[in-house]
Asks: 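My structure is below; once you've seen it, I'll send some questions.
All values derive from a computational prediction rather than experimental measurement.
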Number of protein chains: 2
Amino acid sequence: MSDSPRSENMLFLTDEQLRKGIEAMFFAYRGFTADPDRILKKYGYGRAHHRAIHFVSRAPGTTVNNLLSILGVTKQSLNRVLRSLIADGLIESRVGTRDKRERHLYLTETGKSLEAELSDSQRERMRDAYRKVGPTAVSGFREVLEAMMDEDLRRHFAPAKDKK
Amino acid sequence: MSDSPRSENMLFLTDEQLRKGIEAMFFAYRGFTADPDRILKKYGYGRAHHRAIHFVSRAPGTTVNNLLSILGVTKQSLNRVLRSLIADGLIESRVGTRDKRERHLYLTETGKSLEAELSDSQRERMRDAYRKVGPTAVSGFREVLEAMMDEDLRRHFAPAKDKK
DNA sequence: CTTGGAATGTCAACAACACTGACATAAAGT
DNA sequence: ACTTTATGTCAGTGTTGTTGACATTCCAAG
């Protein structure tokens with residue numbers, strides 16, 4: 001391998017290419033959060049509320065502790081957000097039946113409707129982007145994202161991926 | 001095309017697939033910023049400082065106004081960050097020669113060294129992810145990201161892409 | 001030349017949301 | 001009984017966004 005047969009395949013690993021990837025990530029994430037941010041502002045909420053709503057919607061009945069480990073914030077920080085969502089009637093907190101220390105979280109009808117409004121807007125942007133580039137690019141996109149996550153995050157993300 | 005030959009190619013546009021893409025974006029971005037965040041904390045800086053340093057490094061001599069339109073924040077917000085970076089001797093602000101209202105920004109040697117430390121760590125993560133998935137996936141990744149940006153952001157991002 | 005507006009940047013005050021630390025309560029496990 | 005776990009709360013702090021007010025500089029119309 002004197003002439004390094006792989007070298008032509010490694011051009012995407014130059015510092016310049018990587019810098020472009022970094023900036024693309026920055027700008028894309030901004031675009032990605034722009035629509036929900038606009039909607040949230042109407043209701044006086046922020047991104048933290050969106051994340052809580054999203055993951056409660058994805059896993060109804062989840063506990064506060066579950067949410068904490070997924071979101072990776074402190075309980076004080078999460079609690080401030082949950083308190084306002086519960087007070088406003090978007091999230092319902094039920095004391096656990098088996099373990100009464102736990103609080104299980106559910107979206108109310110109002111909560112579901114905000115969740116739908118938020119995820120519709122975000123899905124629409126993602127759908128537009130996906131449609132533009134086609135399934136092959138999308139699959140590459142997902143591969144890179146998963147490779148970029150921390151290992152412990154991947155666990156939360158795709159727990160049922162081994163059914164291949 | 002009575003049986004819709006494209007339908008099998010549209011499976012990646014289901015709500016479930018889109019939701020997964022949304023979450024992947026969330027988790028990947030967190031991993032993406034984790035390393036720089038750790039480094040920045042050592043010096044008492046935050047993400048805003050990173051962004052300022054990054055774009056000053058990319059375009060030395062840029063003006064505050066330029067930076068504002070790229071970063072999409074208010075000038076007051078940027079100014080606080082710039083002030084501390086200038087006070088700490090990481091960025092140098094030179095009054096414009098042609099237009100004395102403008103301030104042109106440059107990294108000092110100290111600034112360059114922090115920039116290198118930050119971008120090295122971020123590039124390393126991106127390089128690892130890229131290596132894992134290969135050039136085809138990377139190209140798809142970049143395509144989706146660019147499609148997901150806002151149009152006005154894409155302008156800042158790839159101004160010299162027409163040399164095809 | 002002067003005056004007034006536009007562009008550029010700075011300072012001050014405030015809000016959102018993350019953090020740490022300390023503490024309270026209730027329930028479960030040993 | 002004692003410890004651990006799950007949750008919630010209070011107080012304080014830091015980063016980063018916001019708006020408002022203001023200073024400086026440039027430029028162009030009178």
Side-chain angles (χ1 to χ4, degrees), chain A residues 26 29-30 33-34 36-54 56 61-88 91-106, chain B residues 26 29-30 33-34 36-56 61-88 90-105 118:
Chain A
F26 168 66
Y29 194 76
R30 236 195 6 207
T33 53
D37 284 354
R38 252 189 303 276
I39 294 168
L40 288 158
K41 212 164 73 173
K42 287 194 307 184
Y43 299 93
Y45 296 133
R47 258 180 228 182
H49 300 84
H50 185 185
R51 293 195 283 267
I53 288 173
H54 176 96
V56 168
T62 191
T63 63
V64 173
N65 238 3
N66 263 335
L67 218 48
L68 280 178
S69 67
I70 292 173
L71 295 177
V73 296
T74 58
K75 61 178 178 178
Q76 294 88 334
S77 194
L78 174 60
N79 191 256
R80 182 176 356 96
V81 168
L82 281 181
R83 210 186 313 165
S84 69
L85 289 173
I86 291 169
D88 296 351
I91 283 186
E92 195 192 336
S93 166
R94 300 186 203 152
V95 173
T97 50
R98 212 191 52 196
D99 186 334
K100 286 189 211 158
R101 291 172 304 180
E102 294 179 339
R103 304 297 145 90
H104 298 273
L105 305 170
Y106 300 88
Chain B
F26 168 67
Y29 195 76
R30 249 211 338 224
T33 53
D37 283 353
R38 252 189 302 277
I39 294 168
L40 289 158
K41 213 164 71 172
K42 286 194 307 182
Y43 299 93
Y45 296 132
R47 259 181 227 181
H49 300 85
H50 186 184
R51 293 196 282 267
I53 288 173
H54 176 96
F55 285 106
V56 169
T62 191
T63 63
V64 173
N65 232 8
N66 263 334
L67 219 46
L68 281 177
S69 67
I70 292 174
L71 296 175
V73 295
T74 56
K75 59 183 177 175
Q76 294 87 336
S77 189
L78 174 60
N79 189 256
R80 184 176 348 94
V81 168
L82 283 180
R83 209 186 315 163
S84 69
L85 289 173
I86 291 168
D88 296 350
L90 279 83
I91 283 187
E92 195 193 335
S93 166
R94 300 184 203 152
V95 173
T97 49
R98 216 192 48 197
D99 186 335
K100 286 188 209 157
R101 291 171 303 182
E102 295 178 339
R103 303 298 142 94
H104 298 273
L105 305 171
L118 289 167

Asks: Rounding to an integer number of Å, can you tell me how far Leu78(A) CG sits from dA6(D) P?
Replies: 15 Å
Asks: Just N and O in the side chain of Thr74(B): are any of them under 4.0 Å from OP1 or OP2 of dT18(D)?
Replies: yes
Asks: Classify Arg80(A) by what it touches in the nucleic acid, base, sugar-phosphate, or nothing, heavy-atom distance under 4.0 Å.
Replies: base
Asks: Rounded off to whole Å, could you give me the NE2-to-C1' distance for the His49(B) and dT16(D) pair?
Replies: 9 Å
Asks: Answer with base, sugar-phosphate or nothing: what part of the nucleic acid does His50(B) contact at a heavy-atom distance below 4.0 Å?
Replies: nothing
Asks: Do any N or O atoms of the protein come closer than 3.5 Å to N or O atoms of nucleotides 25-28 of chain D, and which pairs are they?
Replies:
{"residue": "dC26(D)", "atom": "OP1", "partner": "Lys100(B)", "partner atom": "N", "Å": "2.8"}

Asks: Using whole Å, report how far CZ of Arg83(B) lies from P of dT8(C).
Replies: 20 Å
Asks: Measure the distance from CG on Asn79(B) to C1' on dC22(D) and round it to the nearest whole Å.
Replies: 13 Å
Asks: Taking only N and O in the side chain of Asn65(A), is any of them less than 4.0 Å away from OP1 or OP2 of dT5(D)?
Replies: no
Asks: Could you pick out which residue, His104(B) or Arg51(A), lies toward the 5' side of DNA chain C when each is mapped onto its nearest nucleotide?
Replies: His104(B)
Asks: Do Asp99(B) side-chain atoms and Arg101(B) backbone N/O form a donor-acceptor pair below 3.5 Å?
Replies: yes
Asks: Without decimals, in angstroms, what is the distance between Arg38(B) CZ and dC19(C) P?
Replies: 14 Å
Asks: Please walk me through it: do His49(A) and Tyr43(A) pass side chain to side chain contact (heavy atoms under 4.5 Å, CB included)?
Replies: CA-CA 10 Å; His49(A) 300 84; Tyr43(A) 299 93; over 6 Å; no
Asks: Whole angstrom is fine here: how far is it from NZ in Lys75(B) over to C1' in dG17(D)?
Replies: 16 Å
Asks: To the closest 0.5 Å, what do you measure between CG (Leu118(B)) and NE2 (His50(B))?
Replies: 4.5 Å
Asks: Which of these, Leu78(A), Asn79(A), Thr74(A), sits in a side-chain contact (heavy atoms from CB on, under 4.5 Å) with Gln76(A)?
Replies: Thr74(A)
Asks: Picking from Leu85(A), Asn66(A), Thr63(A), Leu67(A), what satisfies side-chain contact (heavy atoms from CB on, under 4.5 Å) with Leu105(A)?
Replies: Leu67(A)
Asks: Once side-chain contact (heavy atoms from CB on, under 4.5 Å) is applied, do any residues pair with Thr33(B), and if so which ones, sequence neighbours excluded?
Replies: Tyr29(B), Asp37(B), Arg47(B)
Asks: Between Tyr45(A) and Asp88(A), is any side-chain donor less than 3.5 angstrom from a side-chain acceptor?
Replies: yes
Asks: Could you tell me the separation between the CD1 atom of Ile91(B) and the C1' atom of dG9(C), rounded to a whole number of Å?
Replies: 15 Å
Asks: For Gln76(A) and Gly44(A), take the nucleotide of DNA chain C holding the closest heavy atom to each; which residue's nucleotide lies nearer the 5' end?
Replies: Gly44(A)
Asks: Distance check needed: dA16(C) C1' versus Leu85(A) CG, whole Å only.
Replies: 14 Å
